[in-house]
Amino acid sequence: MLRMSTLFLRTLREDPADAEVPSHKLLVRGGYVRRIAPGIWSWLPLGYLVYRNIERVVREEMDNAGFQEVHFPALLPREPYEKTHRWEDYGDNLFRLQDRKKADYLLGPTHEEMFTLMVKGEYSSYKDLPLCIYHIQIKYRDEARPRAGILRAREFVMKDSYSFDVTDEGLEKSYQRHREAYISTFDRLGLKYEIVSAMAGAMGGSKSEEFLAPCETGEDTYVKCPACGMAANVEAIVTQKLPELDAHDVPAAHVENTPDTPTIASLVEISNSRSELRRADRDWQASDTLKNVVVMQVAVDGTRTPLVIGLPGDREVDLKRVEAALHPIELEAFEEEDFKKYPALVKGYIGPQVLGEKSVSGIRYVVDPRVVRGSRWITGANKPGHHVYDLVAGRDFDWDAVMEAAEVRQGDACSNCGEELSIARGIEIGHIFQLGRKYAEALDLKVLDENGELVTVTMGSYGIGVSRAVATIAEQSHDEKGLIWPREVAPADIHIIAAGKDDLPFDTAEKFAQELEVQGVRVLFDDRRGVSIGVKFNDSELLGIPTIAVVGKGLNDGVIEMRDRKSGEQQLVPVDAFVSTVVDLCR
RNA sequence: CGGGGCGUAGCGUAGUGGCUAGCGCGCCUGCUUUGGGAGCAGGAGACCGCGAGUUCGAGUCUCGCCGCCCCGACCA
């Protein structure tokens with residue numbers, strides 16, 4: 001039994017000054033967590049109870065699915081990560097350290113290497129597969145900017161599973177088993193979530209889906225189609241394919257003097273205001289202009305090459321999407337100095353006529369899928385103060401590739417069914433990947449197949465943010481008064497308040513609390529004497545135990561007040577029926 | 001790494017170069033109070049982020065450093 005009189009807890013009346021998001025404010029105010037360093041948190045008794053409940057649910061669901069739990073250290077040697085290049089690829093995000101002999105170690109950001117090597121050490125036959133193993137361990141990532149309390153921390157707990165199969169079909173099955181296990185896990189945790197298709201990103205591999213908890217404070221943006229149900233992270237979304245256009249009646253391209261048109265808006269305005277530039281059938285719009293954005297690509301070996309991205313002028317480039325498409329190449333801003341090195345690129349007036357790997361400049365040119373063959377554009381003439389009109393894609397210029405580079409907008413057409421997409425934000429609470437053979441290859445994990453041939457194993461990797469789930473539930477489940485825990489993860493089933501100054505309510509509440517404990521109900525008992533009722537009520541609402549019982553003046557009428565924290569509904573329960581009512585409620 | 005903001009008691013904060021650094025919450029003692037963050041009285045608690053400098057005098061001004069928060073970059 002948790003007794004408020006002795007519980008290691010101090011609730012705060014005011015929000016901490018450095019907190020921004022609800023989960024951060026409420027978990028700190030409620031005395032669930034305290035900050036130790038940026039992105040590094042301590043759990044106080046109530047917080048640790050919630051954390052352990054979530055961990056328990058995750059573990060039970062993994063075990064139910066038939067996965068086996070192992071446990072790796074958080075402190076790991078460098079070598080395996082060297083072999084998969086992640087010692088370098090992770091960059092500054094990796095916590096590195098040395099032992100007394102100056103040997104390199106790291107604090108594991110995730111454990112693909114270790115799992116792969118463990119299986120390699122034990123298994124060597126296809127008969128041993130498939131295999132799914134997992135562990136729950138503290139992970140370390142030296143995030144450039146931890147934020148939002150424990151939502152994005154540098155030390156956090158993750159459940160990560162790995163599947164090992166001989167065939168692609170086997171991998172698909174293991175993947176689906178995890179998908180189902182995740183659905184039941186998050187359902188039990190009371191989380192609302194969407195399953196969206198995602199990019200594999202730095203993990204490598206092919207198919208990948210994210211479990212996103214819809215939430216304004218989430219860092220991931222995803223789209224959803226209300227009609228067909230398609231859902232995808234913006235990084236993974238595919239633009240609706242547009243048909244090629246017939247451009248036989250478009251006049252030949254012509255260069256025009258368009259001074260003082262550094263922006264798309266000014267270009268559109270001048271194009272509509274000058275009669276010789278005007279379009280016959282309608283006004284020019286920003287989407288008629290072809291904006292060419294130049295960025296610097298940085299390859300893994302540090303080589304820098306420019307990349308020009310062509311897209312309609314009313315769209316912005318979404319660098320996240322470009323990087324997702326280009327991975328592992330990274331992007332940097334194209335600086336003033338870079339323009340000097342590439343005279344073909346005229347700042348503000350870049351046009352595709354001089355671009356492309358096969359062109360004189362040799363600069364790679366990619367276009368947004370909206371730039372279809374036959375489409376007609378106004379774009380830069382590669383000469384300061386000049387634009388070219390009626391430049392037709394495929395007739396007057398070409399490109400090296402089509403790339404998903406433009407920002408995704410609310411109302412864009414679904415690539416699947418054409419309906420308007422809606423856009424939302426979410427917190428990544430789980431991610432499932434088909435890794436394929438990347439790690440098995442790098443670490444040489446092979447088994448003999450039924451023909452006695454050595455084959456490389458194919459793997460999947462599946463993560464759940466356990467500590468993040470605490471904050472995510474808090475984000476999704478609170479009101480202006482405080483937290484509202486789903487019973488499965490709550491630090492207690494019932495919060496019993498003894499009210500008044502007489503012994504009777506305290507003695508009665510004490511008796512109830514003990515009887516309930518015997519019945520297996522988890523009780524938080526506010527047995528503090530001399531604390532005013534208002535404080536107790538406010539604390540109970542802040543702490544967010546799903547059921548609150550007040551043992552006080554109702555005793556005169558032989559009743560206990562029971563309140564549902566979430567709905568606020570109150571019912572008066574006869575004293576004699578109290579214990580059985582609570583037991584029924586919590587069962 | 002770029003932009004912005006902020007560092008004063010456990011928490012939230014006030015503080016024109018000038019008395020002993022103020023207030024609220026919380027904490028301690030006593031009395032009162034007891035159904036929505038109680039009242040009165042008394043108390044403890046501060047290296048004013050660190051270091052230089054300017055000045056008769058610095059929480060306050062200057063410079064440097066450190067740290068934190070937010071936005072961006074970055075990020076399974």
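Just so it is clear: chains get the letters A, B, ... in the order the sequence lines come, proteins before strands, and each one is counted from 1. None of these values were measured; they are calculated from a predicted model.
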Interatomic distance where CG belongs to A:Asp539 and P belongs to B:G37 [whole Å]: 13 Å
Heavy-atom neighbours of A:Glu82 CD exceed 12 at 6.0 Å: yes
A:Tyr51 ring center within less than 6.0 Å of A:Trp41 ring center: no
Plane angle bin for A:Tyr182 and A:His178 - parallel if under 30°, tilted between 30 and 60°, otherwise perpendicular: perpendicular
For atom CZ of A:Arg528 and atom P of B:G37, their distance in whole Å: 14 Å
Residue whose nearest RNA chain B nucleotide is more 5′ - A:Val551 or A:Asp160: A:Val551
All N/O pairs under 3.5 Å across the protein-nucleotides 68-72 of chain B interface:
unit_1	atom_1	unit_2	atom_2	d
B:C71	OP2	A:Arg145	NH1	3.1
B:C71	OP2	A:Arg145	NH2	2.9

Annotated protein contacts, base or backbone, on nucleotides 22-28 of chain B with a non-hydrogen cut-off under 4.0 Å, one of B, S, - each: --BSSS-
Integer angstrom distance from the P of B:C19 to that of B:G57: 15 Å
A:Glu541 (side chain) and B:G37 (base): donor-acceptor pair under 3.5 Å: no
Pairwise C1' distance, B:C48 and B:C6 [rounded to whole Å]: 14 Å
Distance flag, aromatic centroids of A:Tyr162 and A:Tyr462, threshold under 6.0 Å: no
Sugar-phosphate only, base, or nothing, as touched by A:Gly554 at under 4.0 Å among non-hydrogen atoms: base
Dot-bracket encoding of pairs in RNA chain B, which uses [ ] for pseudoknotted crossings and | for another strand, Watson-Crick or G-U under 3.5 angstrom: (((((((..((((....[...)))).((((((.....)))))).....(((((..]....))))))))))))....
Upstream residue (5' side of RNA chain B) when A:Ile533 and A:Phe156 are each assigned their closest nucleotide: A:Ile533
Polar contact flag, side-chain donor to acceptor under 3.5 angstrom, A:Glu155-A:Tyr140: yes
Span that lies between the C1' atom of B:A21 and that of B:U13, in whole angstrom: 13 Å
Which residues share a side chain to side chain donor-acceptor pair (under 3.5 Å) with A:His135, sequence neighbours left out: A:Asp160
Touch class at under 4.0 angstrom, heavy-atom based, for A:Gly552 against every strand present: base
Sugar-phosphate, base or nothing in reach of A:Asp15, heavy atoms under 4.0 Å: sugar-phosphate
Euclidean distance for C1', B:C63 against B:G2 (whole angstrom): 22 Å
side-chain contact (heavy atoms from CB on, under 4.5 Å) against A:Pro109, all qualifying residues, sequence neighbours excluded: A:Tyr81, A:Tyr90, A:Leu94, A:Leu106, A:Arg141
Aromatic ring proximity, centroids under 6.0 angstrom, A:Tyr134 and A:Phe67: no
Whole angstrom value for the distance that separates C1' of B:U13 from CG of A:Leu12: 14 Å
Aromatic centroids of A:Phe211 and A:Phe186 separated by under 6.0 Å: yes
P-based separation of B:G17 from B:U62 [nearest Å]: 11 Å
A:Arg78 NZ/CZ over A:Tyr105 ring centroid, <6.0 Å and within 45° of normal: no
Whole-angstrom distance between B:U54 and B:C40, as gauged at atom C1': 49 Å
Under 3.5 Å donor-acceptor, A:Arg565 side chain and A:Leu483 backbone: yes
B:C23 and B:A9, which share atom name C1', separated by this distance in whole Å: 12 Å
Main-chain N/O of A:Lys553 paired to A:Asn556 side chain as donor or acceptor, under 3.5 Å: yes
Using distance only, find each side-chain donor-acceptor pair of residues 7-19 of chain A under 3.5 Å and give its atom names and separation, not counting sequence neighbours.
unit_1	atom_1	unit_2	atom_2	d
A:Thr11	OG1	A:Asp539	OD1	2.9

Value in whole Å for how far the P atom of B:U34 lies from CG of A:Leu504: 17 Å
Side chain of A:Arg563 (C-beta onward), nearest among B:G37, B:U34, B:G35: B:G35
